[in-house]
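Input: a single structure, listed below in structure tokens.
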Number of protein chains: 2
Amino acid sequence: MTDQVIAGVDLSRLRELNSLTVVRALRDQPPTTVTELAALTGLSRPAVDVIAQGLVGSGWAKVVEPGASSTVGRPARRYRFNATAGHVLGVDVGGHKILALIADLDGNVVHTARRSIGADADPGERLAALDEIIATALREAGKTAHDIWAVTVGVTGPVDATGRTTLFTPLPGWQTVDLAAHLKDRFACPIVVENDCKLAALAERWLGVARDADDIVFLLAGMRMGAGLIIDGTLRRGYGGAAGEIGALKALRWLAAPGHLQNCPGVPASVSPDDAAAWVFNAARDGNRDARTALNRYVKDVALGAAALVLALDPQVVVFGGGFSRSADLVLEPLSRELAKLCLRVPEVRASTLGADSVALGALRLALIEVDQRLFSVGLSAPVAPRR
Amino acid sequence: MTDQVIAGVDLSRLRELNSLTVVRALRDQPPTTVTELAALTGLSRPAVDVIAQGLVGSGWAKVVEPGASSTVGRPARRYRFNATAGHVLGVDVGGHKILALIADLDGNVVHTARRSIGADADPGERLAALDEIIATALREAGKTAHDIWAVTVGVTGPVDATGRTTLFTPLPGWQTVDLAAHLKDRFACPIVVENDCKLAALAERWLGVARDADDIVFLLAGMRMGAGLIIDGTLRRGYGGAAGEIGALKALRWLAAPGHLQNCPGVPASVSPDDAAAWVFNAARDGNRDARTALNRYVKDVALGAAALVLALDPQVVVFGGGFSRSADLVLEPLSRELAKLCLRVPEVRASTLGADSVALGALRLALIEVDQRLFSVGLSAPVAPRR
DNA sequence: CCAATATTGCTATGGAGTTTACGAAGTACG
DNA sequence: CGTACTTCGTAAACTCCATAGCAATATTGG
């Protein structure tokens with residue numbers, strides 16, 4: 001079918017493959033003995049031994065000398081994956097705030113930097129704030145740009161293959177911004193720009209409430225509605241990066257959905273438009289009749305778009321996330337009920353637990369996936385760090 | 001992440017991997033010399049030589065002795081993939097007909113058997129007809145059930161993991177039929193039952209109009225509307241096998257769409273309900289005003305559901321297939337126009353060329369994929385045929 | 001202190017691929 | 001018609017990798 005190069009396996013490549021296998025096993029395990037690794041990989045003990053020592057030499061693994069052993073026999077030396085060999089950076093450029101996380105190769109967050117920014121900030125201000133917060137995060141974490149092996153930035157609006165949001169974005173003036181190009185001067189590593197909903201979906205499967213599922217429809221519910229799709233365990237972007245943008249279909253009323261909350265009668269004039277939804281949720285909890293009506297209408301509209309996604313993809317789980325997920329207690333049950341009415345096979349509906357950090361966490365996850373892919377295609381030989 | 005066995009590569013496994021690489025190269029190529037294979041796989045000439053001879057010994061390849069050579073130097077022996085080592089069976093169990101195809105491992109159809117059946121036939125009759133046509137096809141092709149390495153059957157309605165259509169099916173009484181179990185007595189090989197739209201989508205990517213695309217929304221348009229989704233080059237079924245069933249959402253009006261054609265004013269009483277649509281298409285071509293109105297309404301309704309799928313998945317191509325694709329000349333342009341109005345990023349719209357055979361061809365394709373997967377996981381050693 | 005047990009390190013063995021080399025089989029050309 | 005040239009087929013030597021088995025070593029328990 002394809003005419004691309006079909007890779008025959010050379011003997012040196014064999015060793016590399018087995019090294020990668022050991023790395024993979026090491027990474028998913030607490031510090032491990034050679035014998036355990038041998039059992040895990042199916043390789044012989046001597047082979048694993050040689051490989052493990054090689055990995056220590058090249059920095060991928062560290063030796064843990066045996067301490068007080070609890071078993072009989074000679075205590076075994078243990079090896080652990082050297083997660084601090086490299087780090088990744090994940091950033092969420094939101095309307096109101098910028099959040100940057102730095103994590104090691106295991107995904108442990110080692111530093112967090114947050115800054116709020118006006119929703120009407122122009123692209124120049126926003127980029128300057130981004131640069132500043134990245135610089136701050138690196139400095140405070142004691143890292144330089146060369147310690148970072150991959151960068152992912154989340155923005156609102158569909159992102160195309162080049163990392164631009166030309167189709168549409170709610171950030172003022174952002175249509176013409178080429179964020180990847182902007183960051184390319186600061187980092188030598190791969191830089192990925194991705195849609196915020198898609199990143200949040202990744203986070204939810206990584207650390208959140210959908211860890212067990214391979215087919216997930218993630219709903220980012222806030223003043224804007226969005227969705228991220230994970231199918232067969234992989235984030236799907238679509239051909240032009242616009243997968244999940246079901247809100248564009250007016251018949252499904254996603255655009256209008258948050259309006260029911262914002263324009264709910266009875267919201268005091270003292271409450272700012274941004275906080276109206278929170279007020280309505282609280283009022284609904286207290287039994288306010290207008291608030292309950294608004295909530296009902298909101299859920300019905302959300303369910304309609306969600307049903308379209310569910311019918312299209314037949315996921316195992318629908319995750320209700322985003323800013324409004326704090327009020328999931330009010331939404332989950334009626335949303336589930338509406339979906340049951342509209343869909344053929346009804347998926348589970350769960351509430352997100354990651355809250356406001358989900359986009360930045362998802363950015364970390366995507367950066368780690370990027371490192372992984374290069375690791376398992378390029379190989380261990382070259383350090384995975386800079387491209388040039 | 002996973003705790004499953006992580007495969008280390010043994011030396012014998014290495015040889016197997018390289019054998020598989022050579023098989024793969026051989027399969028996509030006209031009869032090939034050892035030197036060419038070596039260049040293609042990156043292996044050395046002696047290594048490929050040994051492997052090729054081994055493949056001939058185990059029946060996977062055949063030798064083509066050199067004939068009149070056109071180049072200088074000693075003419076090379078050529079090897080070709082032995083596509084007739086095994087065969088696959090693909091069947092389309094439709095409302096009005098049953099179509100069975102037998103193909104070799106290259107996908108060349110070696111036999112076709114077709115039979116029409118009443119739309120109201122009960123499950124017993126339908127299964128009997130299926131058995132008969134399979135027996136006929138095997139007999140006339142000079143094969144037995146043991147020559148078949150994989151069977152796929154296409155039916156209407158969403159198919160779950162066990163091969164049953166418990167959610168919904170338009171075939172009378174079919175809800176309780178366990179087709180896979182029925183066929184298990186007749187074949188020792190893997191048997192897959194799959195939804196007809198999904199199979200037609202596969203066919204369109206294999207031999208049809210979407211060979212170049214990895215992200216495809218396939219529309220099966222006929223008296224019933226359905227869809228099959230190919231994302232990142234792979235057919236996606238959804239968690240419960242119900243992906244693409246967007247027609248269940250009444251707001252998107254797929255259920256009603258064919259009705260515009262069937263109930264078009266002006267259709268002569270002499271035309272049977274099944275042929276009404278064809279009459280309307282013809283009348284529209286002749287400029288009949290009522291027919292054009294019906295067609296417009298039909299296209300608008302089709303476009304609405306299609307737009308939901310397009311927005312959800314952002315495909316490269318939308319393929320208009322199924323029985324009505326014969327009249328694609330009337331549909332394509334307005335459908336494309338409607339989609340442009342409704343979608344963010346507008347995909348190409350193409351008309352299917354495979355016609356009524358697409359489901360059976362897709363069944364063949366899925367059977368071949370099944371053989372492939374077993375080949376590349378289980379390996380060459382065991383003949384891929386019977387499971388027990 | 002000694003026996004039991006498990007790990008570590010070492011050496012011999014065998015399989016697979018590569019390199020090198022040479023005979024074989026055909027073409028091109030004087 | 002014969003020689004030079006090209007390419008193929010195959011064998012031998014070599015390298016690399018993983019395995020198997022054994023000796024050495026470190027720890028626990030009696």
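Just so it is clear: chains get the letters A, B, ... in the order the sequence lines come, proteins before strands, and each one is counted from 1. As a basis for the values below, the full set of heavy atoms in this structure was taken, side chains included, without hydrogen atoms, waters or symmetry mates.
Put simply, CG on B:Leu11 is 14 Å from P on C:dG14, counting in whole angstrom units. We find that CD1 of B:Ile51 is positioned 15 Å from P of D:dG9, with the value rounded to whole Å. A:Leu37 places its CG atom 16 Å from the C1' atom of D:dA18, with the value rounded to the nearest Å. B:Asn18 has its CG atom 14 Å from the C1' atom of D:dC17, to the nearest Å. We find that CG of B:Leu43 is positioned 11 Å from P of C:dT19, with the value rounded to whole Å. Between the P atom of C:dG9 and the CG atom of A:Asp49 lies a distance of 6 Å, rounded to the nearest Å. In this structure, A:Leu14 places its CG atom 8 Å from C1' of D:dA18, rounding to the nearest Å. Following rounding to the nearest Å, B:Leu17 (CG) and D:dA18 (P) show an atom-to-atom distance of 13 Å.
For D:dG9, the OP1/OP2 oxygens have no side-chain nitrogen or oxygen of B:Gln53 closer than 4.0 Å. B:Thr35 has a side-chain polar atom (N or O) that falls below the 4.0 Å cut-off from OP1 or OP2 of D:dC8.
In the set C:dA16, D:dT10, D:dA18, the nucleotide with an atom closest to the side chain of B:Arg45 is D:dT10. Closest to the A:Pro46 side chain, of the nucleotides D:dT10, D:dA20, C:dG9, is D:dA20. The side chain of A:Ala47 lies closest to D:dT19 when the candidates are D:dC8, D:dT19, C:dT18.
Across all strands shown, A:Glu36 has no heavy atoms under 4.0 Å from either base or sugar-phosphate atoms.
Under a 4.0 Å N-O distance rule, the pair B:Arg27/B:Asp372 qualifies as a salt bridge.
Atom OG1 of B:Thr21 sits about 8.0 Å away from atom CZ of B:Phe376, to the nearest 0.5 Å. Distance check: A:Glu204 CD to A:Ile216 CD1 gives 8.0 Å after rounding to the nearest 0.5 Å.
Taking the six-membered ring for Trp and thresholds of 30 and 60 degrees, B:Trp149 and B:Trp60 have ring planes more than 60 degrees apart, a perpendicular arrangement.
In terms of polar N and O atoms assigned as donor or acceptor, the side chain of B:Arg15 never comes within less than 3.5 Å of the base of C:dG15 in a complementary pairing.
The side-chain contact (heavy atoms from CB on, under 4.5 Å) test with A:Val48 singles out one residue from A:Thr33, A:Thr35, A:Leu37, A:Leu40, and that residue is A:Leu37.
For the pair A:Arg78 and A:Val9, both in contact range of DNA chain C, the more 5′-proximal nearest nucleotide belongs to A:Arg78.
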